[in-house]
Amino acid sequence: MSAGLSGTVGTAGAVGSGTTPAVTLGTGDLAPVFVRLKLSLLRNGLRQSSGRTAAYVVSVVFALLIAAGQLLGLILLRGNDGAATLAVFLTGLVALGWAMLPLFFPSGDETLDPSRLVMLPLRPRALIGALLAASVVGIGPLFTLCLVLGSSIAVAHGAAAVVVSVVVVPLALLVCVALSRAVAAANIRLLTSRKGRDLAVLSGLVIAVGVQFVNFGIQRLNEAGGLSALDPVADVVRWLPPASAIGAVDSVSDGAYGPAAVQLLLSLAALAGLLYWWQRSLVKLMTAPDGSTVAAVSGPARKESASGLGRLLPEGRTGTVMRRSLLYVWRDPKTKAAWITSLAIGLIVPLVNALQGNGSIYLACFAAGMLGIQMYNQFGQDTSAFWMVALTISSTRDAYLELRARAFALLLITLPYSALVTVGTAALLGDWRALPDALGLSFALLGAMMATGALASARFPYSIPQDSGYKNVAPGQAGLAWISILGGMLGGAVLCAPVIALTIALHVSGADAWTWVVLPTGTAYGALIAWAGIRLAAPQTASRLPEILSAVSKG
Amino acid sequence: MPDQVPDQAAKRAEQTERAPAGQGAARTAAPPAVRVEGLWKRFGDQVAVAGIDLDLPAGQFVGLVGPNGAGKTTTLSMVTGLLRPDMGRVQVAGHDVWGDPVAVKARIGVLPEGLRLFERLSGRELLGYTGRLRGLPGDEVDKRATQLLDVLDLAGAQHKLVVDYSTGMRKKIGLAAALLHNPEVLFLDEPFEGVDPVSAQTIRGVLERYTDSGATVVFSSHVMELVESLCDWVAVMAAGRIRAQGTLAEVRGDAPSLQSAFLELVGAQGRDTGESLDWLGGAR
């Protein structure tokens, strides 16, 4: 919304009185409207496709099963020593989840989007109440309700505690929801800007890495001897809202009414504070120009970068395409995420195995395999901008140069990287004798992946949705993606068979002194097979340009 | 912009009427910029383009008009080689689009609608990339890019990523990329859609200069005033078929404006809002 519409909220009454009788709607009038709006949006979203309905039903059932399990588990824990710790800890964790949610899923809820409400003559205070009511509808809040209810039951002993629980359960839920909304409203400027959306795409990575940390944490917890290890953390968390509400129930059960009152007040104050913060952000959002306008006016100019890179690369299509591909590895969040994943996994698998002492230097080939995957679906990575490429490919020769340049750009990163990983693995294992043949195998595999990747790019292109950090295939093309990648990897392994056979033969026959032969042989073989694959893929690409374009334009 | 529409239209009409017979004959003798014969495209049950024939004259400003969903984008995609037709033949400047792509792709410039650009490049990088893919020497690309950025008023934003451009800026950088190799025929799909009046005027200026040099511009639009003020030659499309084609005067016929001629052609005349909205503007 532009600044021209800015006065709407503040002066709604004055403007409204000219045309319609001035009505000031309160939260009581608005809440049912917003709740119905939310339900309608949900229903219409489900109507769009049966696949979406199925996915939604499955996720609801799943969430409810987990919620019920938690509820049951927490009730069963009642009276157990660790019950209070766990209850407080889980509530704190779920609140943290609520705070993070809008940062990862910025477009989660349409009823929350202030730009859709800016033209309505509504007072901010009434609006906040109604939005809060609408926010409580959904699977997430239901899930949270089950958890908070369970936590409360687990720690409530005695009549006083039960009475406090009646207040505490809705209070904790409201704090969670208000927290999420307030964070979203405060960050909407960021989240609707391009930088924010880029970050959201990269957040898939954060979650993938986060899961590893949680995994690690759980392992440590098991070693440390269970829940009691969490006690020091829980002592802090029980004073933080909304976990402090559950802490209040626990304190009442113990007869500590003073601390209980403080804990309860902390949660209430948090709710009030969050609602105030939310309201302030919302008013600011509705009366100030949005992020894209500000960015368009004052966006920082980009320095002409990588001119050095441009000078090093060859002239003509080869250099031009390589430069674009390399720039995209850095600038396009989707491509960047894919590369970081490949680089990380390609490094972690051989090195971690080597560190644990059960590794083999041949696992270093994993790096070559992971990085080779980047050659797959080359044109899908272009998105529908592929038309710019398609319009300049008018012969098999053009297609050959295009594919070869993309392979060169990849090899510029993957060749040194897989060599480095192989050397690193050899160093960790002290297995220097096997280094040459492991390198030879890696290079052969890389060549085979380039070959199958080029063919798969021409034969099985598919769209990569750009707006989501989690979806890497457009709906309906998942089969295509799997055929492409699995078939290609299998094909890559088969293509490498001669080099693998040579390595095994040399080792079995005891000709260990000759294993270095694998390095030149594997390298030459890899280069040859990559060349052959690209040669084969080129005519297919040139003759299937419209089909490729339509396949990659669905995202 | 609207206030200059009548002037321009009158001028164009005058030109068409005054065109001497000799020139008209020369026009028919020269190969048409675009020749389409029996072009069909079907998506599932939906027939998008139902066997159209078109002869678009060279050296003119040609408008392809029609309501949303008429098949304009599908037609332009097939003509430019971005979509394979189910049936039919397309020739651009005398070369078959599907039989001789080398000759055709070198001669055409395209600005499609609804397809992305390489948005993670800056405006200047995008032009550099496109020009070099077209096989132009690097120095020449950089020289032309500088001039185009200047003329299209993008010089200040040339180092910003295209992803941060506004709609008007995107159309302008797309137009620059399409013009870079000095094509004979330029295809523009909705070039003025979502473009502010200032950018629209800039685009118009560049296109008028370009057609004056003898090149052909084919563009699609559903804004009749725009087509009437810009085009010498018009083809009207509706529901996948060509309803009329010819000079602006021929297509307009006796109708007061292209708008009313068009509404008549596509059969959407006179839907009365009636008395059902009688409260609107009444007592408050």
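The figures here come from the full heavy-atom set of this structure, side chains too, leaving out hydrogens, waters and symmetry mates. All figures in this text were calculated on a predicted structure; none of them were measured in a lab. Here is how names work: the chains are called A, B, and so on, in the same order as the sequence lines, proteins then strands, and each is numbered from 1.
Atom CG of A:L545 is separated from atom CG of B:L83 by 12.5 Å, given to the nearest 0.5 angstrom. Remark: B:E125 CD to A:R324 CZ distance equals 11.5 Å, nearest 0.5 Å. Rounding to the nearest 0.5 Å gives a distance of 14.0 Å between CZ of B:R132 and OG1 of A:T392. Taking CZ from B:R120 and CG from A:L327, the interatomic distance works out to 12.5 Å, rounded to the nearest 0.5 Å.
Contact check for B:R84 versus A:E547: side-chain heavy atoms found under the 4.5 Å cut-off. Looking at heavy atoms from C-beta onward, B:F118 lies out of side-chain contact with A:D332 at the 4.5 angstrom threshold. B:L115 is not listed as a side-chain neighbour of A:M388, based on a closest heavy-atom distance of 4.5 Å or more. Counting only heavy atoms from C-beta outward, the side chains of A:W387 and B:T80 never approach each other to under 4.5 Å.
In this structure B:A50 satisfies the side chain to side chain contact (heavy atoms under 4.5 Å, CB included) test together with B:W40, B:V47, B:R241, sequence neighbours excluded. Applying the side chain to side chain contact (heavy atoms under 4.5 Å, CB included) rule to A:T318 yields the partners A:P314, A:M322, A:L401, A:R404, A:A405, A:F408; only residues at least two apart in sequence or on another chain are considered.
Here the closest non-hydrogen pair linking B:G138 and A:E315 is N-OE1, 4.5 Å. Nearest heavy atoms, A:P546 versus B:G81: CG-O, 4.1 Å. Residue B:K105 comes nearest to A:I393 through the heavy atom pair NZ-O, 2.8 Å, listed as atom of the first residue, atom of the second, then distance. In plain terms, the two heavy atoms of A:S395 and B:V102 that are nearest each other are CB-CG2, 4.5 Å. A pairwise comparison of heavy atoms in B:L161 and A:R331 identifies CD2-NH1, 3.5 Å as the closest pair.
Of the two parts of B:L82, the backbone and the side chain both hold a non-hydrogen atom closer than 4.5 Å to a non-hydrogen atom of chain A. Proximity to chain A is absent for every atom of B:A178, based on heavy atoms less than 4.5 angstrom apart. Of the two parts of A:S550, neither the backbone nor the side chain holds a non-hydrogen atom closer than 4.5 Å to a non-hydrogen atom of chain B. Contact of B:L136 with chain A is not made at all, since no heavy-atom distance falls under 4.5 Å. When heavy atoms are compared at a cutoff of 4.5 Å, A:L391 approaches chain B by way of both its backbone and its side chain. If you measure heavy-atom distances from A:R544 to chain B, the contacts under 4.5 Å come from the backbone alone. If you measure heavy-atom distances from A:D382 to chain B, the contacts under 4.5 Å come from both the backbone and the side chain.
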